[in-house]
Structures are given as C-alpha cells and as structure tokens.
Amino acid sequence: MSAVTPLGQRQPLCRKLEQTGPAIDRWDLLDLVKTNRIELGIGEREIAVLSAHLTVMPKGSLIPGALNISYMEVEKILLRANCMGDRRFRRGEVTLADAGLVVRKLSPNKRRFPLRVGGKIIDAYGIDINPLLDRVADLKMMRDARLLREEQQNLLRTKISSRIRAIRDNFNLSISEMVRKISRRKSTGTEEMIALLDRVIAFEADLMSPPCPSRSDDGNTPGSAYLSDRNAADAGQSVRHNESYL
C-alpha cells in the first residue's frame with residue numbers, strides 16, 4: 001500500500017497543488033492590500049494580522065496555488081503582530097476571511113499545525129492566503145484606478161487653485177493701481193475716495209452674493225418679502241390682522 005494513500009480511501013493524502021498565477025513578493029502583496037484597504041473594508045488591525053502571517057511564509061516569492069498556509073500557533077505569532085491581544089488578533093482574521101482574502105482552515109479542536117508524510121509537509125491547518133494571491137490582478141486594477149482618480153483630482157485642484165490665485169492677483173493689482181493713481185492726485189477729493197470705496201465694496205458683494213434663487217410659477221422668489229399673504233387654509237381670508245390699539 002502506498003504511504004500516501006490511507007486504508008479505505010481512494011483519494012491520496014497529498015494535496016494537489018498547481019500554480020494559478022505569477023509569483024509575487026510578499027511585501028508587494030501587502031502594499032497592494034494597504035493601497036486598497038478602503039475598498040476591501042479592512043483597517044490597521046487586519047493589515048497587522050496579515051503582515052504577521054506573511055512573515056511565517058517560506059522564503060522567496062509567493063506562488064499562487066502553492067501551500068501558502070500560516071500554521072504558527074497564535075500565542076507565538078502574536079509577537080509578530082506587535083504583541084496584539086489574542087482576541088483582537090482572531091477578530092482580525094475573521095474580518096480578513098469575511099473580506100475574501102484568507103480562509104481560516106482550523107482543525108476540529110481549533111489548533112494549527114502542519115500535516116506531514118515522510119517528513120514532508122503536504123498540508124496544514126491554519127490561515128490559507130491563497131484567496132488573496134488569486135486576487136492580485138484585481139487588486140492591481142483597483143490600485144491603478146485609485147491612482148488615476150487621485151491624479152485627476154490633484155490636477156483639478158491645481159487648476160482651480162491657479163485660477164483663483166490669478167483672479168486674486170489681478171483683482172489686487174487693479175485695485176492697487178486704481179488706489180495709487182487716485183491717491184497721488186493732488187486734486188483727489190473725499191467724494192472720489194468714497195466712490196472708490198463704494199466700487200470695492202460693490203465688487204466684494206458681487207463675489208460673495210449667492211446665486212439667484214429660482215422663481216416660482218406666480219413670479220415670486222422664494223424667501224422674498226413680496227410673497228403673497230394668502231393661504232389656502234384661510235379660505236380666501238388675509239393672514240394680516242388688525243391689531244387693537246386699546
């Protein structure tokens with residue numbers, strides 16, 4: 001009987017492993033997760049938990065479809081997660097699993113350990129990160145889309161700031177030049193200075209004034225002092241009442 005085939009079973013003990021995608025450096029993978037953390041619905045806790053599990057992976061690049069299972073005991077791996085508490089660490093694992101990034105493959109008694117045949121690890125109970133590795137292409141697309149949005153937003157911010165700065169500078173220059181010319185005239189009187197002040201105030205009011213409100217069907221502007229004083233509930237009666245002077 002083969003050493004990899006248990007009695008009474010036709011399926012081999014050895015897990016069939018096939019590469020499902022290109023290899024990736026573990027820290028590049030972690031950076032992808034960090035970049036897309038908002039879209040993935042995870043936070044600092046989950047990133048710290050994932051980072052701790054990545055540190056116990058075999059040396060070298062990670063190959064999707066390989067035996068990418070972290071089976072170190074929680075009590076030991078907590079040191080790699082900045083001494084995070086046990087319960088908090090496990091909740092982080094659950095969140096990662098709910099986000100579809102890992103699979104919590106635990107033994108019936110919740111222990112984590114490798115399964116060996118002939119001294120070779122063929123499987124393990126622990127945290128399988130293959131789901132995350134299978135999403136590398138999607139994560140890269142999400143990252144690129146996010147970077148494109150940020151670049152577009154930065155470009156728009158720069159354009160808006162430049163135009164506002166140009167308007168401000170031109171306005172300051174025109175007002176300053178006007179004030180300089182008028183103030184240097186010996187014949188400048190009080191009336192002219194008041195007129196200049198009025199122009200500045202009018203320009204400022206025009207910049208600060210809100211957009212014109214839309215008019216209603218009866219021609220009255222909402223919020224206007226000229227709204228009709230008739231109310232449907234008054235059955236044709238005016239809402240204005242004469243006050244007694246007694």
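Keep in mind that the numbers below use all heavy atoms, side chains included, and drop hydrogens, waters and symmetry copies.
- Under a 4.0 Å N-O distance rule, the pair Arg88/Glu44 does not qualify as a salt bridge.
- Put simply, Ile127 and Met57 are part of the same group of oily side chains (I, L, V, M, F, W, Y) that touch within less than 4.5 Å, one to the next.
- The existence of a salt bridge linking Arg87 and Glu93 is excluded, since no basic side-chain nitrogen approaches an acidic carboxylate oxygen closer than 4.0 Å.
- Side-chain atoms of Arg143 never come within 3.5 Å of backbone atoms of Leu32 as a donor-acceptor pair (strictly under, hydrogens ignored).
- Look at Arg90 and Asp86 and you find a salt bridge, because one of the NZ, NE, NH1 or NH2 atoms lies within 4.0 Å of a carboxylate O, short of that distance.
- At least one donor-acceptor pair under 3.5 Å links the side chain of Glu46 to the backbone N or O of Gly43.
- Looking at Ile47, Leu40, Leu50 one by one, the single match for side chain to side chain contact (heavy atoms under 4.5 Å, CB included) with Leu96 turns out to be Leu50.
- A chain of hydrophobic side-chain contacts below 4.5 Å, direct or via other Ile, Leu, Val, Met, Phe, Trp or Tyr residues, connects Val56 to Ile24.
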Set out, in order, the CA-CA distance, both residues' side-chain angles and the distance that settles side chain to side chain contact (heavy atoms under 4.5 Å, CB included) for Glu150 and Leu147, then state yes or no. CA-CA 5 Å; Glu150 291 177 352; Leu147 292 176; 3.9 Å; yes
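- Heavy atoms only, all atoms of each residue included: Pro114 and Ala124 are closest at CA-CB, 3.8 Å.
- Using a cut-off of 4.0 Å between Lys/Arg side-chain N and Asp/Glu carboxylate O, Lys105 and Asp123 are scored as salt-bridged.
- Once rounded to the nearest 0.5 Å, the distance linking CG of Leu139 with CG of Asp31 reads 12.0 Å.
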Would Leu156 and Gln153 count as a side chain to side chain contact (heavy atoms under 4.5 Å, CB included) here? Give the steps. CA-CA 5 Å; Leu156 290 173; Gln153 291 172 356; 5.7 Å; no
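- For Arg80 and Thr55, the side-chain atoms include at least one donor-acceptor pair closer than 3.5 Å.
- For the pair Ile42 and Ala99, the tightest heavy-atom approach, listed with the atom from each and the gap, is CG2-CB, 4.3 Å.
- One hydrophobic cluster holds both Val33 and Trp27 under the rule that ILVMFWY side chains link at heavy-atom gaps under 4.5 Å.
- A donor-acceptor contact shorter than 3.5 Å is absent between the side chain of Glu73 and the backbone of Glu75.
- Ring-centre distance between Phe89 and His53: below the 6.0 Å cut-off.
- Residue Asn154 holds its CG atom at 8.0 Å from CD of Glu151, rounded to the nearest 0.5 Å.
- Residues Leu67 and Ile77 do not share a hydrophobic cluster, clusters being chains of Ile/Leu/Val/Met/Phe/Trp/Tyr side chains in contact below 4.5 Å.
- Once rounded to the nearest 0.5 Å, the distance linking CG of Asp128 with CD1 of Ile69 reads 4.5 Å.
- Once rounded to the nearest 0.5 Å, the distance linking CZ of Phe113 with CG of Leu106 reads 10.0 Å.
- Closest heavy-atom contact between Ala23 and Ser61: CB-CB, 3.9 Å.
- Shortest non-hydrogen contact noted between Gly21 and Pro64 is O-CD, 3.5 Å.
- Hydrophobic cluster membership differs between Ile63 and Tyr71, with clusters built from Ile, Leu, Val, Met, Phe, Trp and Tyr side chains linked at under 4.5 angstrom.
- A 4.5 Å side-chain heavy-atom check between Lys34 and Leu30 finds at least one atom pair inside the cut-off.
- With values rounded to the nearest 0.5 angstrom, Arg157 atom CZ is found 11.5 Å from Gln152 atom CD.
- Judged purely by distance below 3.5 Å, without hydrogens or angles, the side chains of Thr95 and Arg45 pair a donor atom with an acceptor atom.
- Residues Pro131 and Leu101 form no side-chain contact, since every pair of their non-hydrogen atoms from C-beta on lies 4.5 Å or further apart.
- Note on Arg146 versus Glu39: salt bridge recorded, some NZ/NE/NH1/NH2 to OD/OE distance being below 4.0 Å.
- Of all the heavy atoms in Val49 and Gly92, the pair that sits closest is CG2-CA, 4.2 Å.
- Taking all atoms of both residues into account, the shortest heavy-atom contact from Gly65 to Asn130 is N-OD1, 2.9 Å.
- Here the options are Asn68, Val136, Leu132, the test is side chain to side chain contact (heavy atoms under 4.5 Å, CB included), and the partner is Leu62; only Asn68 passes.
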